[in-house]
Amino acid sequence: LKCYDLLVGAKVPRFIGGIETQLVLLAKGLAEKGCDVSFITYDHGQTDDQIIEGIRVLKAYRPDGGIRGLRWLSRAKQLWRVMESANSDIYLQMGAGIETGLVALGVRKGQGCRSHFVYCLASDLDHGAMFRRGRLGWEGKSYRYGLMRADLVVAQTKQQRKALRERLSINSQVIPMAAPSPLPTTATGSGRNGSSRVVWVGRAAKEKRLEWLIEVASRCPEFQFQVVGTANNHSDYSARILREAKRLANVELVGRLGREDMHAVYSNAHILCNTSVCEGFPTTFLEAWSYGLPVVTTFDSDGIVLRNGLGRVPMTTDEMANALRELHRDDHAYTQISEAAKRYYLQNHAIPVVARRFRHAFEEILAALGKAQPRNG
């Protein structure tokens, strides 16, 4: 629902995150693979039923629309109406929330046995804490309802697949997420031509643990730290942590950026740093690897970073500072990681590779109905 600005290529989208990025990339990749793709977004006042890069874009409801207390009911009715208009074989939704239950119910309610619901996990929280979210657990209950009724659940990692099987007896399929190819004129070379810039990309939220980066920045004045992103929702935590970051001379807060501006960020960076407690499989990793950037991260789902030689995985702020200094000092190690990162991206996360795997999964679902190809999704 938050993807309209990314679909039309807005310079600074109203909503930007891993879910939004992944869904738009997947939609474009599936369209290129011959699927008839529709996309349902929020109503921002745009024209309804547009065609954008071969994708049909329908609008549901305003993000702030509806009467408080009854908002979910009016939104559900509008969403189901648009789902019926899309007339799809496959309805795919990503990210745990009330929408998961609404989409699953909409498929059963309006489409009978003709259509199928595919749910994609976006984070490790999707198999744990999300089940208790919302007032009286309402959002978590809606999410659980949808998850249990999905015809296919797509996990980002083997760890997510294992957790779903152990906790809910749900069998899921692991499909890596996608990242776009780098824009032209990407900076290359050992050590990024001597750059000492470390980039951190994410929301100013507790689970992202931006305070770790601030602590490392205070210990490593020889590096320049660039923080891309802001808080999606204002909180005492986000206000305090961003205030602390502004006090450091070697920390730059740049807020939200569009893709062209992010190209400049990645091209001029030396290392991507991640300090999260919990993630799914960060889109920022994929983007960084496509540019040949090593990652220094406290989160390494399925051990992919260590196993494939794509960066360093520190467990403390001391270890993180040491990892940054090592990669800056050792050009040979940096070059090896940079080349491994580019290979790993091309083999696993290029858009055509991921779209092909999703289409194959859809075809397997539709085979049960005797349909050769997805009509729409």
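We count residues from 1, following the sequence as given. All values below were derived from every heavy atom in this structure, side-chain atoms included, with hydrogens, water molecules and symmetry-related copies excluded.
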**Request:** Using the rule that two of Ile, Leu, Val, Met, Phe, Trp, Tyr join whenever any of their side-chain heavy atoms come within less than 4.5 Å, decide whether Leu58 and Leu1 are in one cluster.
**Result:** yes
**Prompt:** Do Val154 and Ile351 sit in the same hydrophobic cluster, where Ile, Leu, Val, Met, Phe, Trp and Tyr count as joined when their side-chain heavy atoms come under 4.5 Å apart?
**Reply:** no
**Exceeds 12 heavy-atom contacts within 6.0 angstrom, atom NE2 of His360** = no
**Prompt:** Do you know which of Leu105, Ile98, Thr100 makes side-chain contact (heavy atoms from CB on, under 4.5 Å) with Leu102?
**Reply:** Ile98
**Request:** Answer yes if the side chains of Gln224 and Ser196 hold a donor-acceptor pair under 3.5 Å, and no otherwise.
**Result:** no
**Request:** Would you check if the side chain of Ser115 reaches a backbone N or O of Val107 as a donor-acceptor pair within less than 3.5 Å?
**Result:** no
**Asked** Is the backbone of Ala178 close enough, under 3.5 Å, to the side chain of Gln22 for a donor and an acceptor to pair up by distance?
**Response** yes
**Considering all heavy atoms, the nearest Glu287-Tyr291 contact** = O-CD1, 3.1 Å
**Asked** Judged by atom type as modelled, is there a donor-acceptor pair below 3.5 Å linking the side chain of Tyr345 to the main-chain atoms of Ser181?
**Response** yes
**Prompt:** Between Tyr119 and Tyr143, does the ring centre distance come in under 6.0 Å?
**Reply:** yes
**Message:** Taking Asp48's backbone N and O only, do any of them form a donor-acceptor pair with Gln50's side chain (distance below 3.5 Å, no angle check)?
**Reply:** no
**Message:** Can a donor-acceptor pair be found, under 3.5 Å and without considering hydrogens, that links the side chain of Gln46 to the backbone of Tyr42?
**Reply:** yes
**Complete:** On a heavy-atom basis, the closest approach of Pro13 and Leu6 is CG-CD2, 3.6 Å
**Asked** Any idea which heavy atoms bring Leu121 and Val153 closest together, and the distance?
**Response** CD1-CG1, 3.4 Å
**Asked** In terms of hydrophobic clustering (I, L, V, M, F, W, Y; side-chain heavy atoms under 4.5 Å; direct or indirect links), are Val313 and Val277 co-clustered?
**Response** no
**Item:** Side-chain ion pair, Arg307 and Asp300, N-O less than 4.0 Å
**Value:** no
**Message:** I'd like to know if the side chain of Tyr4 pairs up with that of Asp43 as donor and acceptor (distance under 3.5 Å, no hydrogens or angles considered).
**Reply:** no
**Complete:** In short, Asn250 meets Cys220 closest at the heavy-atom pair ND2-O, 3.2 Å
**Prompt:** What do you reckon, are the aromatic ring centroids of Phe362 and His116 less than 6.0 Å apart?
**Reply:** no
**Request:** May I ask whether Leu25 and Val201 are part of the same hydrophobic cluster, defined by side-chain heavy atoms of I, L, V, M, F, W, Y residues being less than 4.5 angstrom apart, directly or through others?
**Result:** no
**Message:** Any non-hydrogen side-chain atom of Gln173 less than 4.5 Å from a side-chain atom of Ile175?
**Reply:** yes
**Complete:** From the list Leu210, Val254, Ile214, side-chain contact (heavy atoms from CB on, under 4.5 Å) partner of Val227 resolves to Leu210
**Request:** Using atom types as modelled and distance alone, determine if a side-chain donor or acceptor of Arg357 lies under 3.5 Å from a backbone N or O of Val174.
**Result:** yes
**Prompt:** Got a salt bridge between Asp302 and Lys158, using NZ or NE/NH1/NH2 to carboxylate O under 4.0 Å?
**Reply:** no
**Message:** Applying salt bridge (Lys or Arg N to Asp or Glu O under 4.0 Å) to Lys59 and Asp49, what does each step give before you reach the verdict?
**Reply:** CA-CA 7 Å; Lys59 63 181 183 181; Asp49 212 343; over 6 Å; no
**Prompt:** Any sub-3.5 Å donor-acceptor pair from Asp5's side-chain atoms to Arg14's backbone N or O?
**Reply:** yes
**Message:** Counting the benzene-type ring for Trp, do Phe223 and His328 have ring centres under 6.0 Å apart?
**Reply:** yes
**Message:** Looking at Glu211 and Arg240, is there a salt bridge between them, counting it only when a charged N and a carboxylate O are closer than 4.0 Å?
**Reply:** no
**Message:** Side chains of Thr298 and Trp212: any donor to acceptor distance under 3.5 Å?
**Reply:** no
**Message:** Is there a path of hydrophobic side-chain contacts, each under 4.5 Å between heavy atoms of I/L/V/M/F/W/Y residues, joining Leu306 to Met315?
**Reply:** yes
**Message:** Between Glu32 and Lys28, does any NZ, NE, NH1 or NH2 come within less than 4.0 Å of an OD or OE carboxylate oxygen?
**Reply:** no
**Item:** Donor-acceptor under 3.5 Å (Asp330 side chain, Glu326 main chain)
**Value:** no
**Message:** Quick one, Leu327 and Arg312 - any side-chain contact, counting heavy atoms below 4.5 Å?
**Reply:** yes
**Request:** Give the intermediate values and the outcome of salt bridge (Lys or Arg N to Asp or Glu O under 4.0 Å) for residues Asp151 and Arg108.
**Result:** CA-CA 11 Å; Asp151 298 288; Arg108 299 293 179 263; 3.5 Å; yes
**Message:** Less than 4.5 Å apart, side chain to side chain, heavy atoms only: is that true for Ile55 and Ser38?
**Reply:** no
**Asked** Arg203 versus Ser238: any side-chain heavy-atom pair under 4.5 Å?
**Response** no
**Asked** Are Arg75 and Trp72 in a cation-pi setup, meaning NZ or CZ lies under 6.0 angstrom from the ring centre and within 45 degrees of the ring axis?
**Response** no
**Prompt:** Counting only N and O atoms by type, is there a donor-acceptor contact under 3.5 Å from the side chain of Arg209 to the main-chain atoms of Thr275?
**Reply:** yes
**Prompt:** Do Tyr344 and Glu339 meet the criterion of a side-chain donor-acceptor pair at a distance under 3.5 Å?
**Reply:** no
**Message:** Please check: side-chain N/O of Arg81 versus main-chain N/O of Lys77, any donor-acceptor pairing under 3.5 Å?
**Reply:** no
**Residues Ser276 and Glu207: side-chain donor-acceptor under 3.5 angstrom** = no
**Asked** Phe117 and Tyr91: which non-hydrogen atoms are nearest, and at how many Å?
**Response** CD1-O, 3.3 Å
**Asked** Can you list the steps and then say if Glu222 with Arg325 is a salt bridge (Lys or Arg N to Asp or Glu O under 4.0 Å)?
**Response** CA-CA 9 Å; Glu222 67 271 30; Arg325 288 168 176 150; 2.9 Å; yes
